[in-house]
Amino acid sequence: MLGSILSVGAWTLLSRITGFARDIVMAAVLGAGGLMDVFAVAFRLPNHFRAIFGEGAFNAAFVPAFTRIRTQDGTAAANLFQGRILSLLLISQVIVLLLALLFTPAVIQLLAPGFSANPQKFALAVEVTRITFPYLTLITLVTLWSGALNATGRFAVAAGAPILLNLSLLAFVQLAFLFPTPAHAAGWGVFTAGVLEAGLLAAAAWRAGVLAAPLMPTLSEDVRRFFKAFLPAVIGSAGVQIAMFADTILATLLPEGSASALYFADRIYQLPLGVIAIAAGTVLLPVMSKRIAAEDFAGAYDAQNRTLALTLLLAAPFWVATLLIPELIIGAVFQRGAFQEEAVRVAAQVLAAYGVGLIAAVSIRSIVASFLARGDTATPMIVSLVSVALNVGLKLLLVERFGVMGLALATALGATLNLAALVWIADNRRWIEPDGTFARAVACAGVAAGALAGTILLTYPLIDSWFGGLRFGKEVRLVAHGLTGGIVYGAAALAMMLITGLSLRRGGRASAQRKGA
């Protein structure tokens with residue numbers, strides 16, 4: 001399992017690296033003003049709906065169900081189930097797409113009301129959204145085939161597919177002179193990426209023998225069981241997206257560039273979330289589902305604890321960096337071309353606010369696996385809705401005082417509340433069992449993070465005086481902090497692992513299994 005997590009993480013890291021290249025070019029070409037605000041909204045809208053109906057809710061219901069059917073009844077039965085779900089998925093997505101294309105102005109009016117004050121900006125947002133929205137239909141198919149591949153232990157293709165989005169956007173933004181505006185070019189880059197990703201995953205699923213043809217949907221026991229898990233997951237995912245919709249709505253009412261600041265800060269924030277949290281959750285869910293289906297509860301808890309341990313050790317240095325040097329990170333990555341000093345300052349504030357909840361955000365998917373692996377999507381739904389209500393309330397409270405930074409801070413606090421509630425419920429149900437591996441990981445990550453923070457604070461003036469005056473001073477300073485901090489953090493973490501005896505390999509847990517779990 002550790003190898004699978006690292007494999008997914010490596011592909012996701014490559015995706016994030018190409019994503020940074022993409023965003024660097026977009027920042028230089030589109031800047032952090034009106035054009036980027038329009039694209040940020042047009043790109044977010046299909047992704048909001050994807051998160052509601054696709055990756056979040058769909059994976060939560062489909063992966064455990066597909067894994068269980070394949071484990072208990074074989075591949076043919078699993079593909080029969082997949083074909084029925086595929087038909088329902090296609091029907092629903094075509095309806096959503098048609099409604100979105102017909103009522104795009106109303107959607108923009110609702111979700112980006114600040115654009116209405118500028119008719120040209122509003123019209124541009126409508127045009128670009130109509131280009132990007134079909135991406136939702138295509139990427140939903142990608143989600144289905146990714147889930148089937150993940151359930152069979154094949155993670156690499158799905159993890160690497162987003163690289164195509166980054167490459168496509170890079171190519172189209174470079175050809176922006178061929179389009180009415182750079183925002184149009186970026187929109188067509190998104191659409192093309194959806195076609196490429198769907199083709200890649202379909203081919204991979206076909207090679208793996210899990211590409212099912214659409215079948216006439218029937219309400220079989222497996223399909224009913226899927227919807228029993230899927231509907232609460234949709235509501236839960238919708239709750240999370242309501243908070244993100246609130247970000248979009250409020251950001252468009254703030255000074256121009258606020259939506260861009262959220263976008264670029266989120267791109268940095270998504271690095272640990274994508275490389276660590278999503279990789280860990282992607283691998284952990286089918287592993288826990290399979291072991292719980294086989295009543296190997298001890299093995300399921302062991303997998304979860306080792307995943308949480310790895311998550312903490314990998315996330316801690318990102319957490320320290322986002323809190324201590326956010327302006328250097330944003331400046332080194334994005335400050336060039338149309339992306340100037342003020343944009344750096346605002347985006348850095350947003351990044352630091354996101355960083356407050358980073359550890360909680362990367363841990364949530366590993367805890368949610370305790371529920372999803374048992375087919376319980378209702379509890380995460382309820383917790384999510386309560387957290388979202390608090391999150392939106394905090395946004396309304398904090399945005400008035402802190403502006404766009406308040407939106408990110410509310411997101412961080414909402415993630416922390418979400419994690420705390422899930423841990424409390426899972427512990428009361430005895431669905432999690434923290435062990436020595438997890439406790440030792442907390443100690444190792446804490447000591448190593450402290451060493452890293454001390455190193456940054458001590459070396460910051462020295463590195464600034466050495467490299468601050470260079471032409472690419474910010475980039476060199478960030479690399480210098482990365483190298484020195486990485487060496488210190490890695491050495492401290494390894495030393496603590498030796499002292500505490502922490503091992504991330506599968507442990508020799510007691511074989512007694514908790515049938516009541």
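Just so you know, residue 1 is the first one in the sequence shown, and it goes up from there. Just so we're clear, the structure is a prediction, and the values are computed from it rather than from any experiment.
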Could you pull out the closest heavy-atom pair between Val356 and Leu409, with the gap in Å?
-> CG2-CD1, 4.2 Å
Test side chain to side chain contact (heavy atoms under 4.5 Å, CB included) applied to Thr379 and Ile425, Val368, Leu372, the passing residue | Ile425
If you measure from CZ on Phe334 to CD1 on Ile268, what distance do you get to the nearest 0.5 Å?
-> 4.5 Å
State, with a plain yes or no, whether a side-chain heavy atom of Phe115 is found less than 4.5 Å away from one of Asp37.
-> yes
Side chains of Ser370 and Arg429: is there a donor and an acceptor less than 3.5 Å apart?
-> no
Output for pair (Ser363 OG, Leu419 CG), nearest 0.5 Å, gives 5.5 Å
Indicate yes or no for a side-chain donor-acceptor contact from Thr67 to the backbone of Pro286 under 3.5 Å, with no hydrogens or angles considered.
-> no
Residues Val399, Val404; criterion side-chain contact (heavy atoms from CB on, under 4.5 Å); working and verdict | CA-CA 6 Å; Val399 72; Val404 67; over 6 Å; no
Verify the neighbour count for atom CZ of Arg440: are there more than 12 heavy atoms of other residues, nucleotides or ligands below 6.0 Å?
-> yes
Where do Met496 and Ala443 come nearest, in terms of heavy atoms and distance?
-> CE-O, 4.0 Å
Decide yes or no for Ser258 and Val346: does some side-chain heavy atom of the first lie under 4.5 Å from some side-chain heavy atom of the second?
-> no
Partner set under side chain to side chain donor-acceptor pair (under 3.5 Å) for Thr500, not counting sequence neighbours | none
For the pair Asp73 and Ile69, evaluate side-chain contact (heavy atoms from CB on, under 4.5 Å) and give the outcome as yes or no after the intermediate values.
-> CA-CA 5 Å; Asp73 302 321; Ile69 296 168; 4.2 Å; yes
Nearest heavy-atom neighbours spanning Ala303 and Thr307 = O-OG1, 2.8 Å
Distance-minimising heavy-atom pair for Ala251 and Leu407 = N-CD1, 4.1 Å
Could you point out which residue of Leu422, Ile367, Asp376 forms a side chain to side chain contact (heavy atoms under 4.5 Å, CB included) with Trp431?
-> Asp376
Counting only N and O atoms by type, is there a donor-acceptor contact under 3.5 Å from the side chain of Asp435 to the main-chain atoms of Phe438?
-> yes
Rounded to the nearest 0.5 angstrom, the CG-CD1 distance for Leu351 and Ile330 is 5.0 Å
Are side-chain heavy atoms of Ile85 and Phe226 found at a separation under 4.5 Å?
-> yes
Determine the minimum heavy-atom distance between Ala205 and Leu149, stating which atoms define it.
-> CA-CD2, 4.0 Å
Residue list, side chain to side chain donor-acceptor pair (under 3.5 Å) with Thr311, at least two apart or on another chain = none
Taking every non-hydrogen atom, the tightest pair across Ser387 and Gly414 | CB-O, 4.1 Å
Determine whether more than 12 heavy atoms belonging to other residues, nucleotides or ligands lie under 6.0 Å from atom CZ of Arg401.
-> no
Does the side chain of Phe39 come within less than 4.5 Å of Val190's, by heavy atoms?
-> yes
Heavy-atom side-chain contact between Leu138 and Val142 under 4.5 Å | no
Parallel, tilted or perpendicular, as decided by the 30° and 60° cut-offs, for the rings of Phe62 and Phe81 | parallel
Aromatic plane relationship, Tyr269 with Tyr354 - under 30° parallel, 30 to 60° tilted, over 60° perpendicular | parallel
Distance, nearest 0.5 Å, that separates OG1 of Thr137 from CG of Leu97 = 4.5 Å
CA sep, side-chain torsions, deciding dist, call: Ile276, Leu310, side-chain contact (heavy atoms from CB on, under 4.5 Å) | CA-CA 9 Å; Ile276 303 167; Leu310 181 63; over 6 Å; no
For the residue pair Leu313 and Leu502, establish whether any side-chain heavy-atom pair is separated by less than 4.5 Å.
-> yes
Measure the spacing between CG of Leu141 and CG of Leu90 and express it to the nearest 0.5 Å.
-> 5.5 Å
State whether the side chain of Gln82 and the backbone N or O of Phe66 hold a donor-acceptor pair below 3.5 Å, judged by distance alone.
-> no
Separation between OH (Tyr301) and CG (Asp296), nearest 0.5 Å, reads 10.5 Å
Go through the structure and list residues passing salt bridge (charged side-chain N to carboxylate O under 4.0 Å, His left out) with Arg68, not counting sequence neighbours.
-> Asp222
Given side-chain contact (heavy atoms from CB on, under 4.5 Å), test Arg224 with Lys228 step by step and report yes or no.
-> CA-CA 6 Å; Arg224 287 196 298 269; Lys228 186 177 179 180; over 6 Å; no
Are Tyr135 and Leu165 side-chain neighbours, meaning at least one heavy-atom pair lies under 4.5 Å?
-> yes
Tell me, do Phe297 and Glu433 make a side-chain contact under 4.5 Å, heavy atoms counted?
-> no
Under 3.5 Å donor-acceptor, Asn418 side chain and Ser384 backbone | no
